[in-house]
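Read the structure below first, then the notes.
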2 protein chains.
Amino acid sequence: MRSKITLKELAKLLNVSVSTVSKSLNDSPEISPKTVQRVKELAQLHNYRPNPTAVNLKRNRTGNIAVIVPNISNTFFAKVLGGVETEARKLGFQVITYISNESLKLEKQITELISNGLVDGLLISVSEETQKMNDYAHLHNLLEYEIPVVLFDRIIPNIEIDMVGVNDKDSIYDAVQFLYSRNIKKIGLVCALGDIGLGQLRIEGYKKACKDLGLPVDEKFAVVSRDIPEVKDKLKQLLQEKEVEALIGLDFLSTLLTSRAIQEEGLKIPEDIKMIGYVNEDIAPILYPSLSYVDQHPRQMGETAATLLVERIKGNKPSTPSHTTLKTELKHLDSTRF
Amino acid sequence: MRSKITLKELAKLLNVSVSTVSKSLNDSPEISPKTVQRVKELAQLHNYRPNPTAVNLKRNRTGNIAVIVPNISNTFFAKVLGGVETEARKLGFQVITYISNESLKLEKQITELISNGLVDGLLISVSEETQKMNDYAHLHNLLEYEIPVVLFDRIIPNIEIDMVGVNDKDSIYDAVQFLYSRNIKKIGLVCALGDIGLGQLRIEGYKKACKDLGLPVDEKFAVVSRDIPEVKDKLKQLLQEKEVEALIGLDFLSTLLTSRAIQEEGLKIPEDIKMIGYVNEDIAPILYPSLSYVDQHPRQMGETAATLLVERIKGNKPSTPSHTTLKTELKHLDSTRF
DNA sequence: CTGAAAGCGCTTACAG
DNA sequence: CTGAAAGCGCTTACAG
């Protein structure tokens, strides 16, 4: 029932002009303290709030930022989103969420939609398809419209756009090195992302570590495919050969599939096989067995990306693209306690 | 660089008035087909898009809906959010996401913020604290401001607000009945939500089922607490007594904790203990062992809630609150295959 | 110190 | 069929 009061109505009630009311509420030094007080009192009484749409129109902005995540089942992105939301709210921005469902087409549809002026900036982790097609025209398009874009997590090499990610090569390098230091030499990996994007980077990190440590890079130890049944089959085969001593799951799905496959084969973690995976802090400790994981600090990633985007929106940054790399951390739970 | 073109600029280029351009683009029958075509061609050439902020100001709406989820780690809410996003986009609304972190205070802060006119409506699953305090003044407040509110998942009894939920009593009733029909009589439950809200409803459903089926309701079989270490302790004790034949986890966390505790005790699922839980379709099949679960159709819940909210916003609905109950489904995986 | 005016980018009743 | 005017709810340079 109680409908929102406007500046005009307040002005009428106070017998002053709309300008005076507006200035008073914005603490303009132009207005006498007495008037300011009168205005503020009445405003408070009526619980006046400026209409954000009108303010935004005037200020030529929207007060919104968009975030596009490729999927939402993966708790990693949910966590990032949480970080973005917290930070954006602090900075006075609303977060409009979109889910691309790993589809380039949908991603284009969404960027097209927001290029109309729905948001002041975009945070995006590009879809698998986008990476595969290597098609980023839609992002460049937004930049041409002067809508800042910040990439997170799934970073893209050789592109002139702000990014916030983790050092994926290093993260797995560390994992391999840890296992090596504990005298584990036959280390396999499982990747359901295929060999593009993050999957590719992580695989490279693995290979680099093996090379540096003098471990043979045996193709047999690498289960890499985007086809889930194929991943399962290869994994089973690998386990039945009883050679591999440790497995690293390179993504959420692979990690769970690997833990499951090991146990299905009647093998024990960590006694028979050690495991390290990419799962998050909420779920890793309550699985059985609990899984050691690479902490990618998703909340912090979201916060950092949001902060950077807002700085771009405000034009506070030099125009050269900024690349932020967060340090990952290997967290040890039961699967590497041996 | 390429800055957005406005109606005014188009009008100038075409040597017609702003009104004519606006009407042409909106296919007004007032304008001659020839003019309409001229205008549209130029608009297309310049890739003209109406400024949504201006349109919204004029139409006295925002085009946004807010959704407040209590937490984001729980993949259930992530899925609901996915459903909301898809449906809202179809209906021409943007989804602004907020996370209350199970805090009433934060929830109030957020509702206060959006009451300023940031959104046209709100979807909310209230926080645990809100349920415990039984304080819904902030929601009624929004309704007074004529901002429609739709509750989802965590529904509240005796409140005059639209809701979309599942029949929590029935869902667990079905689970108990299924186990009973397979000759399992000693059925325990584990709940980390405590005995408020959904936890309470599910516990009631359990008790009702036991009563109807003539099973004794033994307090010992009910592990209920909001304190995680306490849940773990009680669970361990219960398992060591080796009486219980099946356990039902009433929420995501309890379900994983239960599966883990059973295995830690060296017991096998389903051979020694059967299990049913509240986890989602993505994760249930890749756990080891895979867990039978109550499918609450989170996507559908999000879609239904969004549709209802948009109808309220458009004023297409009679004003009596609508209560939609989705049917849950018991999905059988390894933990009940016996 | 206060207010009239212009304007943000649109839409739409009204006049011609 | 076209356009001038008013208005959505604000802000702000400018005049008094």
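Every chain is numbered from 1 and lettered A, B, ... according to where its sequence line falls, protein lines coming before strand lines.
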Which residues, if any, of residues 34-43 of chain A bring a heavy atom under 4.0 Å of DNA chain D? none

Which of residues 9-17 of chain B sit near DNA chain D, with a heavy atom under 4.0 Å from it? Val16(B), Ser17(B)

What closest approach, in Å, do Ile313(A) and Asp120(A) show between heavy atoms, and which atom pair accounts for it? CG1-O, 3.4 Å

Could you check [options] and say which one makes a side-chain contact (heavy atoms from CB on, under 4.5 Å) with [X]?
X	options	answer
Glu102(A)	Glu128(A), Glu129(A), Lys132(A), Glu107(A)	Glu128(A)
Phe152(B)	Thr304(B), Val69(B), Asp162(B)	Val69(B)
Val150(B)	Val67(B), Ile65(B), Leu123(B)	Leu123(B)

Interatomic spacing from CD1 in Ile110(B) to NE2 in His138(B) - rounded to 0.5 Å: 9.5 Å

Protein-to-nucleotide contact annotation, 5' to 3' order, nucleotides 10-16 of chain D [B base; S sugar-phosphate only; - none; under 4.0 Å, heavy atom]: BBBBB--

Salt bridge (Lys or Arg N to Asp or Glu O under 4.0 Å) involving Glu112(A) - partner list, sequence neighbours excluded: Arg49(B)

Give me each pair satisfying salt bridge (Lys or Arg N to Asp or Glu O under 4.0 Å) with a member in residues 301-311 of chain A, each pair once, sequence neighbours excluded. Arg299(A)-Glu303(A), Glu311(A)-Lys317(A)

Are the side chain of Asn51(B) and the backbone of Thr53(B) linked by a donor-acceptor contact shorter than 3.5 Å? yes

Can you tell me if Arg154(A) uses its side chain to pair, donor with acceptor, with the backbone of Val126(A) under 3.5 Å? yes

Under 4.0 Å between any heavy atoms, over every strand shown, what does Pro33(A) touch: base, sugar-phosphate, or nothing? Just pick one. sugar-phosphate

For DNA chain D, what dot-bracket results from Watson-Crick or G-U pairs at under 3.5 Å, with [ ] for crossers and | for inter-strand partners? |||.||||||||.|||

